[in-house]
Participant: 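The structure's right below; bear with me while I get my questions together.
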Amino acid sequence: MNSIFKPNVPSKMKLILVAGARPNFMKIAPLIRAIQVHNEQTGGAQKMGHILVHTGQHYDIQMSDIFFAELGIPAPDINLEVGSGSHAEQTARVMMAFEPVCIREKPDWVVVVGDVNSTMACTLVASKLGVKVAHVEAGLRSFDRTMPEEINRIVTDSLAELLLTPSADADENLKREGIPASKIRLVGNIMIDTLVANLNQARRSCLADTLDIKPKTFVYVTLHRPSNVDDVKSLILIMSQLESLAHRIPVVFPVHPRTRNMMKLAGLSIQNGANLKLLDPIGYHDSLSLTEKAKFVLTDSGGLQEESTYLGTPCLTLRPNTERPVTVIVGTNKLTRPDSLADDIEEVMQNRRAPGRIPPYWDGHTAERIVKILRQLTADS
Ligand code: UD1
């Protein structure tokens, strides 16, 4: 089968961009846009050829298609359609499906983002084929190897040729692991590029009106980490705390499919009442709008820790650690546990939390910096 890079000839540089799961889409969108802008401004061999591979790790409309539509991401050139499975099954399926694509397309770089199974699987494939990998959002560490994402981060970063980091702590983590400084570039937080580009549209979201909730009088909750939701005891405890919280303030909780499945398995029949609003997963604009309008966010998501910091909304992260410490040190984030949640909620409800600041390099220009670096490195090689 012929390469599908043809539309981009005579470009000198060929990139495969990989996205697989919901949080990847917000990270790949600004990169595609920055490449398009670069290509509009330059001609001939200066152009960057790129194809988008969707691994199909996430596949529901609400987990995938809606993000392509809202963020203006072009349809993937290739969808590997790997679907769900155990970690080994999913990783292996991505690897088996991605290898022939890499062999056929012969890219100069495979660009992976974030820390999901697809990120690690495509990195392994490309590295073994001698194709250089650029990792966007490199260097984040929770130092908790019970998190599948931590394993994905360590493997990806140890193999990648170019480590594009969001914050200075990430650079330090990588150097401590023996990665040469020449491979590390502090480019900033690419999620914030997407936030900045979409904030006006997010502000037009009607979701709060539809739910009949007013700004700063509700809590926005998202929970999907296996450590919180795969353990029945922990899930029951968390859900009972959300029910109590909903007696004081409306709680809006779009439920991730993993969490919904676990609720069913645990036999939890939560009353979806006036104050506890359990929704299907929501799109990017609605989520950003709720993050900005909420009194506080209660989450175990990585992206929401960052988005709430940028928007100045207090965030309680229901995890013992975070790979994004800058959101705690500089931003509005605080780690919490099921047994300290009630006290931490009280603190936010009484406005006793100090305001945060926006961390350095969270300025909406990360993708442009990445494009520049990729161009320089390819010109030098
Ligand atoms: C994955 C990522 C996690 C990320 C999260 C965001 C890994 C190891 N985990 O976790 O880092 O924070 O995505 O959502 O890569 N399902 C559906 N529809 C879908 C996708 C999944 O119903 O479109 C259900 C399936 O039952 C599946 C379960 O959700 O088994 C979990 O999906 P999976 O991709 O394995 O992990 P996430 O929990 O989504």
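Atoms within a ligand are numbered from 1 in the order they appear, just like the ligands themselves.
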Participant: Hey, are D344 and K334 close enough for a salt bridge, meaning a charged N less than 4.0 Å from a carboxylate O?
Facilitator: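 So D344 pairs with K334 through a salt bridge.
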Participant: Where is the nearest protein heavy atom to atom 8 (C) of ligand 1: which residue, which atom, and how far?
Facilitator: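 Closest protein heavy atom to atom 8 (C) of ligand 1: N117 OD1, 3.2 Å.
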Participant: Are E99 and K128 packed together at the side-chain level, in the sense that at least one heavy-atom pair is separated by less than 4.5 angstrom?
Facilitator: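 Sidechains of K128 and E99: no contact.
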Participant: Starting from atom 11 (O) of ligand 1, which protein heavy atom do you reach first, and at what distance in Å?
Facilitator: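 Result: E149 OE2, 2.5 Å.
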Participant: How far is atom 27 (C) of ligand 1 from its nearest protein heavy atom, and which residue and atom is that?
Facilitator: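 Result: S84 OG, 3.3 Å.
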Participant: Tell me the protein heavy atom at minimum distance from atom 2 (C) of ligand 1, and give that distance in Å.
Facilitator: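 The closest heavy atom on the protein side is V116 CG1, 3.7 Å.
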Participant: Can you find a heavy atom in the side chain of F67 that is under 4.5 Å from one in the side chain of N24?
Facilitator: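 Of all side-chain heavy-atom pairs linking N24 with F67, none is under 4.5 Å.
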Participant: Under a 3.5 Å distance rule, please check whether R357 uses its side chain to pair with a backbone N or O of V330 as donor and acceptor.
Facilitator: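 No, because the side chain of R357 does not come within donor-acceptor range (under 3.5 Å) of the backbone of V330.
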Participant: Please determine whether ring-ring contact (aromatic ring centres under 6.0 Å, His included) holds for the pair H54 and F68, giving the CA-CA distance in whole Å, both sets of side-chain angles, and the decisive distance to 0.1 Å.
Facilitator: CA-CA 11 Å; H54 188 332; F68 277 74; 5.6 Å; yes
Participant: Near N261, which atoms of ligand 1 are under 4.0 Å from a heavy atom of that residue?
Facilitator: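 Counting atoms of ligand 1 from 1, those under 4.0 Å from N261 are 26 (O).
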Participant: For ligand 1, which atoms sit closer than 4.0 Å to a heavy atom of M63?
Facilitator: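 That gives atoms 14 (O), 19 (C), 23 (O) of ligand 1.
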Participant: Measure from the side-chain N and O atoms of T313 to the backbone N and O of F296, and report whether any donor-acceptor pair falls under 3.5 Å.
Facilitator: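 No, the answer is negative, given that no donor and acceptor are paired below the 3.5 Å cut-off.
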Participant: Determine whether the side chain, the backbone, both or neither of P23 has a heavy atom under 4.0 Å from any heavy atom of ligand 1.
Facilitator: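 The answer is the side chain of P23.
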Participant: Of the listed options (R22, H58, H224, Q90), which comes nearest to atom 12 (O) of ligand 1 when hydrogens are ignored and any heavy atom counts?
Facilitator: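 Answer by nearest heavy atom: H224.
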Participant: Do T291 and S287 have side-chain heavy atoms sitting under 4.5 Å apart?
Facilitator: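 Heavy-atom side-chain distance check passes, below 4.5 Å.
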Participant: Could you name each residue pair satisfying salt bridge (Lys or Arg N to Asp or Glu O under 4.0 Å) that touches residues 235-250, not counting sequence neighbours?
Facilitator: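 For residues 235-250, and leaving out neighbouring residues, the salt bridge (Lys or Arg N to Asp or Glu O under 4.0 Å) pairs sorted by first residue read R248-E346.
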Participant: Counting non-hydrogen protein atoms only, what is the nearest one to atom 16 (N) of ligand 1? Give residue, atom name and distance.
Facilitator: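 Looking at atom 16 (N) of ligand 1, the protein heavy atom closest to it is Y59 OH, 3.5 Å.
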Participant: I'd like to check which ligand 1 atoms, numbered from 1 as shown, lie under 4.0 Å from a non-hydrogen atom of R225.
Facilitator: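 By the 4.0 Å cutoff, the relevant atoms are 11 (O), 12 (O).
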Participant: Would you say the side-chain atoms of N228 pair up with the backbone N or O of L318, donor to acceptor, closer than 3.5 Å?
Facilitator: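 Answer holds: yes.
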Participant: Return the residue, atom name and 0.1 Å-rounded distance of the protein heavy atom closest to atom 18 (N) of ligand 1.
Facilitator: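 Of the protein heavy atoms, D60 OD2, 2.8 Å lies nearest.
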Participant: Does the side chain of S142 come within less than 4.5 Å of R153's, by heavy atoms?
Facilitator: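 A side-chain contact under 4.5 Å exists here.
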Participant: For ligand 1, is there an N or O atom under 3.5 Å from any N or O atom of H87?
Facilitator: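 No; every N/O pair is 3.5 Å or more apart.
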Participant: For atom 14 (O) of ligand 1, grab the closest protein heavy atom and report residue, atom and distance to one decimal in Å.
Facilitator: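 So the nearest neighbour among protein heavy atoms is H256 NE2, 2.9 Å.
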Participant: What protein heavy atom lies closest to atom 24 (C) of ligand 1? Include the residue and the distance to one decimal.
Facilitator: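 Minimum-distance protein heavy atom for atom 24 (C) of ligand 1 reads P257 CB, 3.6 Å.
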Participant: If you take the nearest heavy atom of each of R260, M147, R258, which one is closest to atom 28 (C) of ligand 1?
Facilitator: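 Nearest option to atom 28 (C) of ligand 1, by heavy atoms: R258.
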